[in-house]
Amino acid sequence: MIKVHNKALDRTIETGRIIGHIEGRKKGPTVIFFGGMHGNENSGVFALHQVLADLQHKKKQINGHIYGIAGNLRALEKGQRYCTEDLNRLWTADRIKILETGEVGDLQDEKLEQYEIHQTLRSIMSEREGPFYFMDLHTTSSETIPFIVVNDSLLNRKFTEQYPVPMILGVEEYLDGPILSHINELGYVSFGYEAGQHDDLASYQNQIAFIYLSLVFSEIIGQEEIDYFHYYQQLAKTSATSRDIFEIRFRFRIHEGDRFEMRPGFVNFQKVKKGQEMAIRNGKTVIASHTGRVFMPLYQSQGKEGFFEIKKVHPFFLRLSAVLRKTKLAHILPLLPGIKWQSASYDALVVNLKIARFFTKPFLHLLGYRSKQVNRTHLTIKNREASSRTDEYDADWNN
């Protein structure tokens with residue numbers, strides 16, 4: 001057990017890896033919330049602790065299972081983002097292979113945290129029935145309205161469109177190793193919720209509202225069991241863009257040894273113009289590469305993403321992408337010149353941009369592919385729809 005202190009609440013609680021677990025009296029899905037994957041973002045831990053305690057005390061009708069899992073315990077106790085490396089960047093394919101073999105060696109700091117979380121998830125998923133829902137609770141270093149970050153699969157979209165907050169697509173193209181990307185590649189619904197600034201009391205209150213809405217949307221509890229419309233309106237009123245969907249178009253990455261300082265005054269979703277001064281890196285001015293909105297400006301000492309630029313996605317293209325993905329048009333892509341399977345597992349393609357010039361990012365996105373730049377001439381692209389366990393969720397949603 002560790003002690004965690006929240007500045008906004010001026011409260012300290014004790015927690016272990018499992019913040020809490022409730023087993024319903026009837027069968028149902030399993031919902032797993034993460035809080036504190038970054039140790040300086042503890043409002044999710046406090047919100048989960050409060051909601052789970054309230055549900056048990058009030059003896060609400062629960063279907064299935066609810067779990068609250070604490071992320072980086074050692075960093076949470078210290079109140080810092082991480083100890084030696086970012087726990088939410090370790091969930092890469094190579095690391096998962098090591099965890100699966102069990103030959104992990106002498107683990108320290110975040111790698112030990114990852115091992116313990118991985119073992120906890122394996123235990124839960126072997127003992128409980130699906131469908132499984134995974135939600136990661138976060139806060140930001142700068143002022144922000146609440147929003148959802150989603151790996152772009154139709155399964156994720158269908159579930160997250162229920163929330164009255166903006167949605168950000170495409171984070172998987174820019175970040176390596178978030179736990180939710182790993183879980184999404186296993187085919188499950190998984191996404192992140194950013195509730196506000198780290199030490200803002202509203203962030204804690206937004207986390208509580210989000211947790212209750214998630215339990216209703218996953219059919220763990222009924223609307224009548226909670227003050228549903230209060231929590232829904234609490235999130236809806238935080239943003240005039242509550243139904244908008246945005247896509248990341250650019251990331252400004254901070255490299256080892258860089259001296260980076262964001263210019264003061266930028267907040268999430270703030271409109272910026274191409275050429276506008278954004279930050280200072282190593283004494284040189286950093287300017288916006290596009291006209292659009294700034295996303296996640298970095299105002300803390302730890303982190304490798306200085307800021308992102310995002311743009312709004314027109315609903316027409318969202319509908320078009322859903323139609324194209326359901327046609328399985330992407331299955332014929334390896335027949336085209338300049339495109340081949342990356343390996344015998346047939347889960348990713350390599351695109352030679354000198355040959356397949358028409359393979360722009362917007363076109364790939366419509367087909368359900370997200371890309372990684374290998375070098376100046378090649379992309380690797382992976383289809384999020386291929387692994388989705390759609391049948392499991394359709395069976396649950398249609399009951």
Side-chain angles (χ1 to χ4, degrees), residues 1-24 28-60 62-77 79 87-88 113 116-117 120-121 123-124 128 132-140 146 148-149 163 165 179-180 183 189-218 220-221 225-228 231 234-235:
M1 300 289 284
I2 63 163
K3 290 184 178 180
V4 187
H5 181 75
N6 183 275
K7 292 181 182 179
L9 296 171
D10 192 22
R11 185 189 310 164
T12 300
I13 60 173
E14 288 190 346
T15 185
R17 183 68 65 198
I18 302 294
I19 300 168
H21 166 225
I22 297 178
E23 180 176 0
T30 299
V31 176
I32 299 171
F33 295 97
F34 299 102
M37 289 296 288
H38 294 134
N40 60 338
E41 304 175 22
N42 64 33
S43 67
V45 174
F46 280 80
L48 286 167
H49 184 271
Q50 185 65 53
V51 171
L52 291 168
D54 286 347
L55 289 173
Q56 288 179 319
H57 175 70
K58 296 174 182 177
K59 295 181 169 46
K60 298 294 186 180
I62 306 294
N63 307 310
H65 291 266
I66 310 169
Y67 285 90
I69 297 179
N72 198 333
L73 293 177
R74 293 153 184 84
L76 277 166
E77 193 164 38
L87 175 60
N88 208 29
E113 299 279 354
E116 292 174 356
I117 293 171
T120 300
L121 292 178
S123 176
I124 292 173
R128 307 305 177 198
F132 292 93
Y133 297 86
F134 298 85
M135 301 158 198
D136 194 5
L137 308 179
H138 284 270
T139 51
T140 64
I148 288 173
V149 181
Y163 296 91
V165 295
I179 188 171
L180 294 180
I183 292 171
V189 170
S190 62
F191 59 98
Y193 174 66
E194 302 275 358
Q197 199 274 338
H198 297 325
D199 300 322
D200 190 344
L201 179 61
S203 299
Y204 165 77
Q205 296 166 338
N206 291 335
Q207 300 282 27
I208 287 180
F210 172 82
I211 293 167
Y212 276 122
L213 291 183
S214 300
L215 296 178
V216 171
F217 296 156
S218 59
I220 289 277
I221 60 177
E225 295 287 339
I226 64 170
D227 193 352
Y228 171 80
Y231 293 124
Q234 180 179 329
L235 295 192

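Counting begins at 1 with the first residue of the sequence.
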H5 (side chain) donor-acceptor with R11 (main chain) under 3.5 angstrom: yes
Short side-chain to backbone donor-acceptor contact, K60 and E225, under 3.5 Å: yes
Donor-acceptor pair, side chain of Q56 and main chain of I22, under 3.5 angstrom: no
Atom pair CD1 (I211) and CZ (F33), whose distance is rounded to the nearest 0.5 Å: 5.5 Å
Heavy-atom side-chain contact between V4 and T12 under 4.5 Å: no
Parallel, tilted or perpendicular: rings of Y163 and F217 (30°, 60°): perpendicular
Sub-4.5 Å side-chain heavy-atom contact between H49 and T15: no
Non-hydrogen atoms of P146 and A195 that approach each other most closely: CG-O, 3.7 Å
Closest approach of V149 to E194 (non-hydrogen atoms, all atoms of both residues): CG2-CG, 4.4 Å
Polar side-chain atom of R17 near backbone of G71 as donor-acceptor pair, under 3.5 Å: yes
From CA spacing to verdict: side chain to side chain contact (heavy atoms under 4.5 Å, CB included), F34, M135: CA-CA 6 Å; F34 299 102; M135 301 158 198; over 6 Å; no
Main-chain N/O of I208 paired to Q234 side chain as donor or acceptor, under 3.5 Å: no
Shortest non-hydrogen contact between Y212 and D54, atoms and distance: OH-CB, 3.8 Å
Reported NE2-to-OG1 distance for the pair H38 and T140, which is rounded to 0.5 angstrom: 12.0 Å
Heavy-atom pair with the smallest gap, counting every atom of Y67 and H65: CE1-CB, 3.9 Å
Proximity of Y193 and F210 rings by center, below 6.0 Å: yes
Gap separating the CG atom of L48 from the CD1 atom of I69, nearest 0.5 angstrom: 10.0 Å
Q197 backbone acceptor or donor facing S203 side chain under 3.5 Å: yes
Heavy-atom closest pair, residues Q207 and A47: CB-CB, 3.5 Å
Contact check, side chains of I13 and V45, non-hydrogen atoms, under 4.5 Å: yes
Gap between atom CG of N72 and atom CD1 of I117 - 0.5 Å precision: 7.0 Å
Test item: I183 and I32 side chains (from C-beta on) under 4.5 Å apart, heavy atoms: no
Spacing of CG belonging to N42 relative to OH belonging to Y204, to within rounding of 0.5 Å: 11.5 Å
P29 to Y133 - nearest heavy-atom pair and separation: CB-CE1, 3.8 Å
Whether N206 side chain and L235 backbone form a donor-acceptor pair below 3.5 Å: no
S214 OG to L137 CG distance, which is reported to the nearest 0.5 Å: 8.0 Å
Contact check, side chains of F134 and L121, non-hydrogen atoms, under 4.5 Å: yes
Y228 and L213, any side-chain heavy atoms less than 4.5 Å apart: yes
